[in-house]
Every structure is written in C-alpha cells, then in structure tokens.
Amino acid sequence: MASLTITINGESWTITAAPETPLLWVLRDELGMVGTKFGCGIGQCGSCTVHLDGNAVRSCQLPVSALEGKKITTIEGLSEAGDHPVQVAWKEVDVPQCGYCQAGQIMTASAFLAQNPSPTSEEIRNAMHGNICRCASYNRIEKAVAQAAKNS
C-alpha cells in the first residue's frame with residue numbers, strides 16, 4: 001500500500017492504495033464518486049472514461065501510481081451545474097435510454113470537442129467509436145455531439 005496525493009475535479013485527495021489499483025475503484029469505492037461506471041474492466045467499452053490532463057482515458061486501466069501531478073476530471077467535475085455544452089445537448093437530443101454508458105460517452109465527447117470544436121460527422125463517429133452503447137443510441141449520440149459543437 002502507498003499513500004498518494006491525486007487531484008480530482010480540482011481537489012487534492014490523499015489516498016492509500018496498492019500502486020496497481022485502477023483509478024476506477026478508488027473513485028467509486030474510496031471517494032464515493034459513482035458517476036464513473038464499471039463496464040467491461042478491460043478498457044474496451046468506455047463506461048469508465050474520465051479526463052486525464054484533458055484527454056479521455058479508461059479509468060479501469062489506469063493505475064493510481066501513474067496519477068501524481070496529473071489532473072483528473074470525472075463526470076461529477078465536468079460541470080457543477082450540469083450545464084456543459086455536451087450535457088445540455090445530451091438532454092436536448094434525449095440521448096439516454098438505459099443511461100449506463102452515458103457518463104463515459106459524455107466524457108469522451110467533451111474531450112474530443114475540446115480538441116476539435118468543429119468536427120465533421122465522420123470525425124464524430126471516429127472519436128466516439130470506442131464507446132459502446134448497449135441500447136444502440138449511436139445516431140442520437142452523434143447528433144448530440146454535433147449539436148454541442150454548434151452550441152459551444
């Protein structure tokens with residue numbers, strides 16, 4: 001076990017965990033931030049996506065030992081009021097069905113739009129390709145990302 005200080009949503013947290021412990025389990029089990037979901041556990045579905053220094057990463061594959069000096073943003077920290085352009089577009093387009101993948105989808109979309117604020121449909125599809133939606137809401141996801149780009 002190691003004592004580490006990590007920055008999540010602008011706040012410093014001192015945690016005690018084995019260095020190989022995935023960030024996902026620290027977020028959910030130690031810090032009570034349950035917006036980030038466990039999906040597959042092998043970094044393939046995208047449900048556990050968070051931002052690491054602004055880039056979308058899979059928290060189920062990210063050991064806490066790699067996080068000192070880095071800035072982590074979870075769905076809880078994306079927007080305190082829930083008014084990030086991607087969150088607003090998600091509501092306007094009525095994207096969620098079951099909602100399980102939505103935090104990961106939103107985190108992927110927001111990181112993508114921060115790097116590419118005026119994407120084409122093909123760029124949106126390519127950026128969102130790694131996030132799986134059990135309900136197959138892909139057309140609405142693409143529409144919401146496009147709408148968020150217009151509204152930003």
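Any value given below was found using the heavy atoms of this structure, including those in side chains, with hydrogens, waters and symmetry copies removed.
- Shown here are the salt bridge (charged side-chain N to carboxylate O under 4.0 Å, His left out) partners of R125, two or more places apart in sequence or in another chain: E142.
- Listed by first and then second residue, the salt bridge (charged side-chain N to carboxylate O under 4.0 Å, His left out) pairs involving residues 21-35 amount to none (not counting sequence neighbours).
- The CG atom of L23 lies 8.0 Å from the CD1 atom of I15; values are rounded to the nearest 0.5 Å.
- When the side-chain hydrogen bond (donor to acceptor under 3.5 Å, both in side chains) test is applied to N126, no partner is found at least two apart in sequence or on another chain.
- Scanning all heavy atoms of the two residues, the minimum distance from A17 to V64 falls at CB-CG2, 4.3 Å.
- The closest side-chain donor-acceptor pair between E122 and T120, if any, does not fall under 3.5 angstrom.
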Kindly list each side-chain donor-acceptor pair under 3.5 angstrom involving residues 145-152, sequence neighbours excluded, with atom names and distances?
unit_1 : atom_1 : unit_2 : atom_2 : d
Q147   : NE2    : E92    : OE1    : 2.2
N151   : ND2    : Q147   : O      : 3.4
S152   : OG     : A148   : O      : 2.6

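- Listed for the Y100 side chain is no donor-acceptor partner under 3.5 Å among the backbone atoms of S47.
- Remark: P19 pairs with A2, S65 by the side-chain contact (heavy atoms from CB on, under 4.5 Å) rule, at least two apart or across chains.
- How far SG of C101 is from CD1 of I106: 9.0 Å, rounded to the nearest 0.5 Å.
- Taking NZ from K71 and CG from N55, the interatomic distance works out to 12.0 Å, rounded to the nearest 0.5 Å.
- Every residue meeting the side-chain hydrogen bond (donor to acceptor under 3.5 Å, both in side chains) condition with Q102, not counting sequence neighbours, appears here in chain and number order: W90.
- Looking at N131, its side chain never comes within 3.5 Å of a backbone N or O of T108 through a donor-acceptor pair.
- Under the rule for a side-chain hydrogen bond (donor to acceptor under 3.5 Å, both in side chains), the partners of S110 that lie at least two apart in sequence or sit in another chain are H51.
- V88 forms part of no hydrophobic cluster, judged by ILVMFWY side-chain heavy-atom separations under 4.5 Å.
- Members clustered with M1: none, using a 4.5 Å side-chain heavy-atom cutoff among hydrophobic residues.
- In this structure a side-chain-to-backbone donor-acceptor pair under 3.5 Å is missing from E11 to I8.
- Under the rule for a side-chain contact (heavy atoms from CB on, under 4.5 Å), S118 has no partner lying at least two apart in sequence or in another chain.
- Annotation for S59 and P22: closest pair O-CB, 3.8 Å, computed over non-hydrogen atoms.
- With sequence neighbours excluded, no residue satisfies side-chain hydrogen bond (donor to acceptor under 3.5 Å, both in side chains) with Q61.
- With no hydrogens or angles considered, no side-chain donor-acceptor pair links T73 and N9 at under 3.5 Å.
- To the nearest 0.5 angstrom, M107 atom CE is 8.0 Å from T49 atom OG1.
- A distance of 5.5 Å separates CG of L62 from CG of L52, quoted to the nearest 0.5 Å.
- The shortest side-chain heavy-atom distance between T7 and W13 does not fall under the 4.5 Å cut-off.
- Note on V57: it does not cluster hydrophobically with L24, by side-chain heavy-atom contacts below 4.5 Å among ILVMFWY residues.
- With sequence neighbours excluded, no residue forms a side-chain contact (heavy atoms from CB on, under 4.5 Å) with D94.
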